[in-house]
Amino acid sequence: MRWEAQLVRHQTGRPEAGAADAVGAPLPLAGFAGPGVETLPLAGMVRSVQTPEFAGMTFHEVLAKSALNKVPAASNMPFHWTVNPYRGCSHACVYCFARKTHTYLDLDAGRDFDSQVVVKLNVAEVLRAELHKPSWTREHVALGTNTDPYQRAEGRYRLMPDIISALSESGTPFSILTKGTLLARDIEPLARAAQRVPVSVALSIAMTNPELSAAVEPGTPTPEARFRLVERLAAHGIECSVLAMPILPWLSDSDEALDALFARLASAGAAGVSAGPLHLRPGAREWFMQWLADSHPELVERYRRLYRKGSVADTDYRDWLAGRVRHFRARHGLASGVSGFRSPKARSDSGTDGPFASHNAEPAAPRGQPRPQAQATLFDL
């Protein structure tokens, strides 16, 4: 079910991008752990909780020993440290690359990833202590690179305000990547933090079609709600870039779809856009292909051929999409890249912008990969 509780009605009665608890007191932490509520054998486990407000979900509350995660040196990411207050994500994106991480907890990468969410209750407290160590050199910290820090659970636990405070008070620059319009609740804390340290905000919006979005990312706010949040952040002087990923072959990569997406991003005032095609890593691949077989069986064989070499699409397709992205970005006067995530590294294997970087390669003509002509009809589901 689509989570439209992320729309809050202000005194005007007009729905705006925000959170169910964006005004007033936080949601109560009352819950129950009883028959039918399975407690996981996790390190630092406190309890497992279910509540009527989050039907079908279980929150596994833990006390974390650490908050800062070191990014492996071999990674192509343009940052070295991350903070993840949650594991698992109620946004339930069928393509989410982080799904396999749930198998490390002896949970499955499918339904469990969507409904069994690990909550690090003390993450801000632990983070504050780590940031005050003499060894901390105030490197950039990225949030939202694994699971979304503004997913539904954040409306209940309110971990992000204290995380933002800890980072800014320690003089640590940071960035946030999210699909959650719940971020609107923290606009003022973010604006205050930006007066002390470099702060970057990026929203993940890869399509305008609400029906397709509801099918592939059912727990997220609608694309239009996220576009309105870009506008709201800009109005508050907070630069907001957009990560237009993943572009889905034959579903959201038509000229009509890309033109509509980049036109709406331009009108919303996006500071920059980084775009790229779907990745199908293990865990996500199985879950996405099952969804595709159920929803678009006519595309299954095409996807198998396109991703026959592994997690990334065929080179010809990536080059073709890169050219279309550059064309529409130029048409609508949008900058390349995502502010705060830009990397000097070379073009990545995504064939467009890489995860967060930008490049200036010239468009390449497809070689052997037929230009997807069928997607225009598939886009209008």
Side-chain angles (χ1 to χ4, degrees), residues 6 8 17-29 44 46 59 61-71 79-87 89 117-203 229 232-241 339-341:
Q6 292 194 73
V8 58
D21 62 336
V23 290
L27 293 173
L29 292 185
V46 175
F59 299 125
E61 301 173 353
V62 302
L63 296 178
K65 291 184 178 180
S66 64
L68 285 166
N69 307 302
K70 179 70 172 177
V71 178
F79 42 79
H80 299 139
W81 298 93
T82 66
V83 172
N84 295 296
Y86 304 100
R87 296 185 67 170
C89 186
V117 177
V118 177
V119 183
K120 301 175 185 178
L121 294 176
N122 63 335
V123 63
E125 177 184 350
V126 174
L127 175 63
R128 196 177 296 273
E130 291 176 337
L131 296 174
H132 282 85
K133 290 181 178 180
S135 59
W136 178 244
T137 57
R138 297 178 178 83
E139 293 186 63
H140 178 99
V141 172
L143 298 107
T145 60
N146 190 30
T147 56
D148 203 309
Y150 283 104
Q151 60 177 286
R152 291 186 63 192
E154 175 61 17
R156 172 182 171 87
Y157 290 98
R158 301 179 67 94
L159 302 179
M160 284 298 290
D162 286 341
I163 291 174
I164 292 169
S165 175
L167 290 166
S168 63
E169 290 174 6
S170 70
T172 300
F174 64 94
S175 55
I176 297 173
L177 172 63
T178 182
K179 286 186 174 78
T181 51
L182 182 55
L183 178 142
R185 179 200 64 196
D186 294 340
I187 284 179
E188 291 187 6
L190 284 170
R192 289 194 298 270
Q195 295 176 358
R196 306 183 66 168
V197 298
V199 175
S200 303
V201 176
L203 290 189
L229 179 55
R232 189 170 175 184
L233 288 165
H236 282 79
I238 299 175
E239 185 178 277
C240 181
S241 303
S339 178
F341 293 95

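The side-chain contact (heavy atoms from CB on, under 4.5 Å) check on Ala67 picks up Val123, Val126, Leu127, Glu130, with sequence neighbours excluded. Asp186 is linked by a side chain to side chain donor-acceptor pair (under 3.5 Å) to Tyr150, counting only residues two or more places apart in sequence or in another chain.
Side chain of Ser168 to main chain of Ser165: a donor-acceptor pair is present (N/O by atom type, distance under 3.5 Å, no hydrogens or angles). No donor-acceptor pair under 3.5 Å is formed between the side chain of Arg87 and the backbone N or O of Thr147. Looking only at distances, a side-chain donor or acceptor of Thr178 sits under 3.5 Å from a matching main-chain atom of Gly180. A donor-acceptor contact shorter than 3.5 Å is absent between the side chain of Lys120 and the backbone of Tyr86.
Across every non-hydrogen atom of Ile187 and Ile238, the tightest pair is O-CD1, 3.7 Å. The heavy-atom pair separating Gly155 from Leu182 by the smallest distance is N-CD2, 3.3 Å. Ile164 and Ala193 get closest at one heavy-atom pair: CG2-CB, 4.0 Å.
Taking the side chain as every heavy atom from C-beta outward, Lys179 and Gln151 never approach each other to under 4.5 Å.
Side-chain N/O atoms of Trp136 and Thr172 include a donor and acceptor closer than 3.5 Å. Side-chain atoms of Ser175 and His140 include a donor-acceptor pair closer than 3.5 Å.
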(request) Start with the C-alpha distance between Glu188 and His236, add both sets of side-chain angles, then the distance that settles side chain to side chain contact (heavy atoms under 4.5 Å, CB included), and finish with yes or no. (result) CA-CA 8 Å; Glu188 291 187 6; His236 282 79; 5.6 Å; no

(message) For a side chain to side chain contact (heavy atoms under 4.5 Å, CB included) check, start with the C-alpha distance between Thr82 and Asn146, then their side-chain angles and the critical distance, and finish with the verdict.
(response) CA-CA 9 Å; Thr82 66; Asn146 190 30; over 6 Å; no

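When the shell of 6.0 Å around NZ of Lys65 is examined, it contains 12 or fewer heavy atoms from other residues, nucleotides or ligands.
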